[in-house]
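Bear in mind the structure is a predicted one, so any value in this text is a computation, not a measurement.
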Number of protein chains: 2
Amino acid sequence: MLSIGALSRQTNVKIPTIRYYEEIGLMDLPGRTTGGQRRYVQSDVDRLGFIRHARDLGLSIAAISDLLRLSANGDNPCADADRIAKEHLTEVKEKIKHLRRLEKELKRIVSHCHAGTVGECYVIESLGNHGLCVEDH
Amino acid sequence: MLSIGALSRQTNVKIPTIRYYEEIGLMDLPGRTTGGQRRYVQSDVDRLGFIRHARDLGLSIAAISDLLRLSANGDNPCADADRIAKEHLTEVKEKIKHLRRLEKELKRIVSHCHAGTVGECYVIESLGNHGLCVEDH
DNA sequence: GCTTGTACCTCTAGTTACTTGAGGTTTTAT
DNA sequence: ATAAAACCTCAAGTAACTAGAGGTACAAGC
């Protein structure tokens, strides 16, 4: 029987976040002491660990919720789980593409800046003028 | 004198977003018709264009607010503007690094999944078990 | 000059995934 | 028995908007 603090330490999930997950129904309602404090069992640790890991990988709460439902049902969740993971992978790839374009653009802007020059600032000029951009973004 | 709709079309910023920018003080209070409708001038178009472009590049509202203040003051804003842009570039680089690790991890997880196999699902197993990961994330 | 349709107005609440704070109670250790 | 640490609830705040309800103003055509 773990207190919320102990669960927090074991899973690296902050206490208010655990309570939040309970509130939105991602975590089950835990048992309580007579005084009203939460007490957790091993399955709670496992579930929260799953959530934490999936969040670290960037999955949304909605996606995690789906995955948890799938894994509870047991009946060949693989196809659906695979689809969710693949969709997420696609999103991640898109984000990387986008960020790489931004990186390029920012590098270009910054490289043109010669701090010290009065009045003219390529950073500010570039930001104000999309036409100066090399690529779309 | 532009209506809010005309400004929106010229800058590609949605109407509620323009009103939101006004509310948080990022855009100046515009003139009004006797009937109370907003009317904008060229300097508003320029400022909103700047904001739009900087947002597209991923800068936060706070950073943009700083840049706008700098460019208004005129006294060699270059050094500060350059610092803001460089900081942002660093953030972007970090994000890319992180996403690339996630991409790798997700690819590995997905590639192990053979949809159809009953009961065992590598996607779900991997998410539940951080120990299966190759790298940090 | 009147009517109609589009564009505009304000205000409230919702989104995501939490975090922070106030004010009070329970547990644990001495 | 006491005191410190950990816990409790509830409300509000964060970023950057978006959506919807219910009502008013403007521009064009007749």
Side-chain angles (χ1 to χ4, degrees), chain A residues 1-27 29-40 44 47-48 50-68 84 87-88 91-92 95 98 102, chain B residues 1-27 29-40 44 47-48 50-68 84 87-88 91-92 95 98 102 127 137:
Chain A
M1 288 303 220
L2 299 166
S3 68
I4 197 167
L7 176 64
S8 171
R9 281 186 295 278
Q10 281 205 26
T11 56
N12 253 320
V13 176
K14 286 181 196 156
I15 292 173
T17 306
I18 297 172
R19 289 200 273 249
Y20 168 72
Y21 286 162
E22 180 186 322
E23 197 186 314
I24 62 170
L26 199 60
M27 288 293 287
L29 293 175
R32 298 274 185 154
T33 62
T34 47
Q37 297 197 356
R38 290 168 179 83
R39 287 298 177 264
Y40 295 94
D44 294 315
R47 189 180 177 96
L48 189 53
F50 180 96
I51 295 168
R52 171 75 214 255
H53 192 189
R55 285 295 296 139
D56 280 351
L57 286 170
L59 287 153
S60 69
I61 296 275
I64 294 170
S65 184
D66 287 348
L67 287 172
L68 283 167
I84 291 171
E87 274 170 19
H88 185 58
E91 275 169 37
V92 168
K95 269 189 203 162
H98 183 69
L102 296 187
Chain B
M1 288 301 220
L2 298 167
S3 69
I4 197 168
L7 177 63
S8 170
R9 281 186 295 277
Q10 281 206 25
T11 57
N12 253 320
V13 176
K14 288 182 195 155
I15 292 172
T17 305
I18 297 172
R19 289 199 274 249
Y20 168 72
Y21 287 161
E22 180 185 322
E23 197 186 314
I24 62 171
L26 199 60
M27 287 293 287
L29 293 175
R32 298 273 186 155
T33 61
T34 47
Q37 298 197 356
R38 291 167 177 83
R39 286 298 177 264
Y40 296 93
D44 293 316
R47 189 181 177 95
L48 189 54
F50 180 98
I51 295 167
R52 172 71 214 256
H53 192 190
R55 285 293 299 137
D56 279 352
L57 287 170
L59 286 152
S60 69
I61 297 275
I64 294 171
S65 184
D66 287 348
L67 286 173
L68 284 167
I84 291 171
E87 274 170 19
H88 184 59
E91 275 170 36
V92 168
K95 269 190 201 161
H98 183 70
L102 296 187
L127 288 172
H137 50 88

**Study point:** Sequence neighbours excluded, every pair satisfying side-chain hydrogen bond (donor to acceptor under 3.5 Å, both in side chains) that has a member inside residues 13-22 of chain A
**Key:** E22(A)-R38(A)
Review point. Within this structure, what is the OH-to-C1' distance between Y40(A) and dC8(D), rounded to whole angstrom?
Key: 12 Å
Exercise for review: Find the distance M27(A):CE to dA17(C):P and express it as a whole number of Å.
Suggested key: 17 Å
**Study point:** Euclidean distance, atom CG of residue L59(A) to atom P of dC18(C) [Å, nearest integer]
**Key:** 12 Å
Practice item. Could you run through nucleotides 17-24 of chain D and give me one letter per nucleotide, 5' to 3': B if any protein heavy atom sits under 4.0 Å from the base, S if only the sugar-phosphate is that close, - if neither? Key: BS------
Check your understanding: In whole angstroms, how far is the C1' atom of dT28(C) from the CZ atom of R39(A)?
Key -> 11 Å
**Study point:** Minimum side-chain heavy-atom gap I51(A)-L68(A) below 4.5 Å
**Key:** yes
Review point. Are any side-chain N or O atoms of H88(A) and backbone N or O atoms of A63(A), one a donor and one an acceptor, separated by less than 3.5 Å?
Key: no
Exercise for review: Assign I4(A) to base, sugar-phosphate, or nothing according to its heavy-atom contacts below 4.0 angstrom with the strands shown.
Suggested key: sugar-phosphate
Review point. Is there a side-chain polar atom (N or O) of T33(B) under 4.0 Å from OP1 or OP2 of dC26(D)?
Key: yes
Study note, to complete from the structure: Hits for side chain to side chain donor-acceptor pair (under 3.5 Å) against Q10(A), two or more places apart or cross-chain, chain-then-number order -> none
Practice item. For D66(B), check side chain to side chain donor-acceptor pair (under 3.5 Å) against everything at least two apart and list the hits. Key: R69(B)
Review point. Should R38(B) be listed as having a side-chain N or O under 4.0 Å from OP1 or OP2 of dT10(C)?
Key: yes
**Study point:** Set of side chain to side chain donor-acceptor pair (under 3.5 Å) partners for E91(B), sequence neighbours left out
**Key:** none
Check your understanding: In whole angstrom, what separates R19(A)'s CZ from dA6(D)'s P?
Key -> 13 Å
Review point. Which whole-number value in Å describes the distance from E22(B) CD to dT10(C) P?
Key: 7 Å
Check your understanding: With R55(B), which residues qualify under side chain to side chain donor-acceptor pair (under 3.5 Å), at least two apart?
Key -> none
**Study point:** Nucleotide of dT9(D), dA16(D), dA17(C) approaching S60(A) most closely (side-chain heavy atoms)
**Key:** dA17(C)
Point to revise | 5' precedence on DNA chain C between I15(B) and E23(B) (nearest-nucleotide basis) | key: I15(B)
Point to revise | dT10(C) phosphate, OP1 or OP2, under 4.0 Å from R32(B) side-chain N/O | key: yes
Exercise for review: Send over the distance from I18(B) CD1 to dA7(C) C1', rounded to a whole Å.
Suggested key: 13 Å
Practice item. Send over the distance from L2(B) CG to dA7(C) P, rounded to a whole Å. Key: 15 Å
